[in-house]
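We count ligands from 1, going down the list as the structure has it; atoms in each ligand are counted the same way. We number each residue from 1, following the sequence as shown. Just so it is clear, the values below take in all heavy atoms, side chains as well, and ignore hydrogens, waters and symmetry mates. All of these numbers come straight from a predicted model, not from anything done at the bench.
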Amino acid sequence: MNETPRIYLDNAATTPMDPAVVEKMVEVMKFHFGNPSSTHGHGRKVKNIIEESRSKIAALLHCKPSEIFFTSGGTEADNLAIRGSVASLGIETIISSPLEHHAVLHTVEELAHQGKVTLKMVNILDDGHVDVNHLKQLLSESGKCLVTLMHANNEIGNMLDIEAVGSLVHQFNGIFHCDTVQTMGHYEFDLSKNYVDFICGAGHKFNGPKGVGFIYINKSNHISPLITGGAQEREMRGGTENVYGIVGLATALELSYGEINSKKAKLLELKKHMMHRLKTEFQNVEFNGDAEGDSLYTVLSVSFPPTETGNLLLFNLDLAGISCSGGSACSSGAVGGSHVIKTIRPNTNRTTVRFSFGKFNSIEDVDTTIDKLKTWYN
Ligand SMILES: Cc1ncc(COP(=O)(O)O)c(C=O)c1O
């Protein structure tokens, strides 16, 4: 008996691999096994594959290949930028926000707890955006600063004006790290404009493999590594490289850039369609963050009114074959709830569901999900 295929609306958590990426990775797995650090032919071939991947990513982002370093993903890249800056760039103060991903938040909190830096949190406005006037004030009051603010929030989708914030930070001689894990592959960067010191990407967020990512380190910053060992990654990250992952990462980013405009148009249509149906066919449904304003087209965070079964909404969606994600302050699957929702909606008893779209979704996925929700809500 054929099972009805499940609907996947959790693309901010991870995305399915593009078959073309798998194909490329398998080809390298089958035919190229040398250690890239070996100087013989087998090693040199694989080293070339890594360097071609690095050059591909650098060309897409308009930076130099020497500014790209491969990592195990977004978390390691965030850690490297933050810990490396504190260790090597004379950082006295870190300015961040309560809405950052834990890869950033737990790292800056630990550094502050150890007494290595003073941590200052920028205020968040009612719509979930960073209060840029407050950021300016914090910058003017602080010594040598690292500002770490995310480009798009993974839970509510709010976007930061990365170029404007970067220019502001640089006016105060600060260092700017922007966690771009949710926007890499979905947004075009021109790093030749030098508005940011560190950005990063994780392959699995743009139809590439898991466990591999990269960091861009602007050439003017010389930081110490997080993982010491061999001389791989120009002594910035010891350990034999994840060659297949790196090839998959570069292929996925290249594919994403090739289809970025059509993907954006399609996913924006899905998001707008879902918002329209939620607004017109449901009562008292709200959106978290600035969903109708400066918001990433892949993410829609919906706040449902409290009902007797509200806490079971995610569970019921899952049983109905729809995978999406929670994030309410108290009722998500995650122990303790979402720090993001708690910050923007303190004391709420509403239920949050994050729907996040990817290139393999269709309008039918949205319609089926809405129709299912209606059976519980109206
Ligand atoms: C904004 C953001 N930063 C960092 C990460 C961590 O990335 P990874 O899981 O590749 O370590 C994620 C993953 O969800 C994310 O959404």
Side-chain angles (χ1 to χ4, degrees), residues 8-17 21 57 68-84 96-110 124 128-130 147-160 162 165 176-187 189 196 198-216 226-227 237 239 242 245-246 248-250 252-253 256 288-289 294-301 323-327 332-334 338-341 343-344 352 354-358:
Y8 186 75
L9 287 175
D10 199 13
N11 289 274
T14 198
T15 52
M17 296 251 294
V21 173
I57 294 173
I68 300 293
F69 299 86
F70 294 113
T71 66
S72 63
T75 302
E76 185 188 326
D78 285 337
N79 267 266
L80 176 55
I82 296 166
R83 292 180 193 276
S96 191
S97 96
L99 303 191
E100 298 304 299
H101 188 275
H102 282 149
V104 167
L105 211 48
H106 288 168
T107 307
V108 297
E109 283 167 356
E110 187 189 277
I124 299 297
H129 284 298
V130 162
V147 174
T148 171
L149 293 171
M150 68 208 308
H151 191 197
N153 187 279
N154 51 301
E155 292 193 34
I156 58 174
N158 274 28
M159 286 194 70
L160 184 82
I162 185 172
V165 169
F176 182 36
H177 164 243
C178 189
D179 177 344
T180 51
V181 168
Q182 286 295 335
T183 48
M184 188 58 63
H186 306 295
Y187 176 95
F189 295 90
V196 65
F198 305 98
I199 65 166
C200 50
H204 68 116
K205 304 290 190 188
F206 46 90
N207 307 103
K210 294 175 182 45
V212 65
F214 70 90
I215 182 171
Y216 154 82
L226 208 58
I227 298 172
R237 188 192 194 260
N242 175 2
I246 289 169
L249 172 80
L253 196 63
S256 294
N288 293 310
D294 215 351
S295 180
L296 186 60
Y297 57 88
T298 55
V299 174
L300 179 62
S301 177
S323 297
C324 46
S325 154
S332 76
S338 151
H339 64 286
V340 174
I341 302 299
T343 303
I344 60 167
T352 291
R354 178 190 68 182
F355 300 100
S356 49
F357 313 102

- Message: So, regarding Gly74 and ligand 1 (criterion: nitrogen or oxygen to nitrogen or oxygen, under 3.5 Å), is there a contact or not?
- Response: yes
- Task: Determine, using heavy atoms of His204 and all atoms of ligand 1, whether some pair is separated by less than 4.0 Å.
- Result: yes
- Please report which non-hydrogen protein atom sits nearest to atom 16 (O) of ligand 1, along with the residue it belongs to and the distance in Å to one decimal place. Gln182 NE2, 2.9 Å
- Task: Without swapping roles, check the side chain of His186 against the backbone of Tyr297 for a donor-acceptor pair under 3.5 Å.
- Result: no
- Compute the minimum heavy-atom distance from Lys205 to ligand 1 and say whether it is under 4.0 Å. yes
- Do side-chain atoms of Asn79 reach the backbone of Leu226 as a donor and acceptor pair under 3.5 angstrom? no
- Using modelled atom types only, decide if a donor and an acceptor are shared between the side chain of Gln182 and the backbone of Ala12 within a distance under 3.5 Å. yes
- Any atoms of ligand 1 less than 4.0 Å from a non-hydrogen atom of Thr75? List them with their elements. 6 (C), 7 (O), 8 (P), 11 (O)
- Query: Hey, which atoms in ligand 1 end up nearer than 4.0 Å to a heavy atom of Asp78?
  - Reply: 3 (N), 4 (C)
- At their closest point, which heavy atom of Thr183 faces which heavy atom of Ala152, and how far apart are they? CG2-CB, 3.5 Å
- Message: Under a 3.5 Å threshold, yes or no: a donor from one side chain and an acceptor from the other, between Asp78 and Thr107?
- Response: no
- Could you tell me the residue and atom name of the protein heavy atom closest to atom 15 (C) of ligand 1, and the distance to it rounded to 0.1 Å? His101 CD2, 3.2 Å
- Item | Among Pro16, Ser325, Cys324, the one residue meeting side-chain contact (heavy atoms from CB on, under 4.5 Å) with Asn11 | Pro16
- Message: Testing the 3.5 Å rule here: is there a donor-acceptor pair between the side chains of Glu100 and Ser97?
- Response: yes
- Item | Pair Phe189 and Tyr187, ring centroids less than 6.0 Å apart | yes
- Counting each atom of ligand 1 from 1 as listed, which ones have a heavy atom of Asn154 under 4.0 Å away? 1 (C), 16 (O)
- Query: Going by the atom numbers of ligand 1, which of them fall below 4.0 Å from some non-hydrogen atom of Met150?
  - Reply: 1 (C)
- Note on the structure: atom 3 (N) of ligand 1: closest protein heavy atom, distance to 0.1 Å, is Asp179 OD2, 2.7 Å
- Contacting atoms of ligand 1, where contact means under 4.0 angstrom from a heavy atom of Ala202: 10 (O)
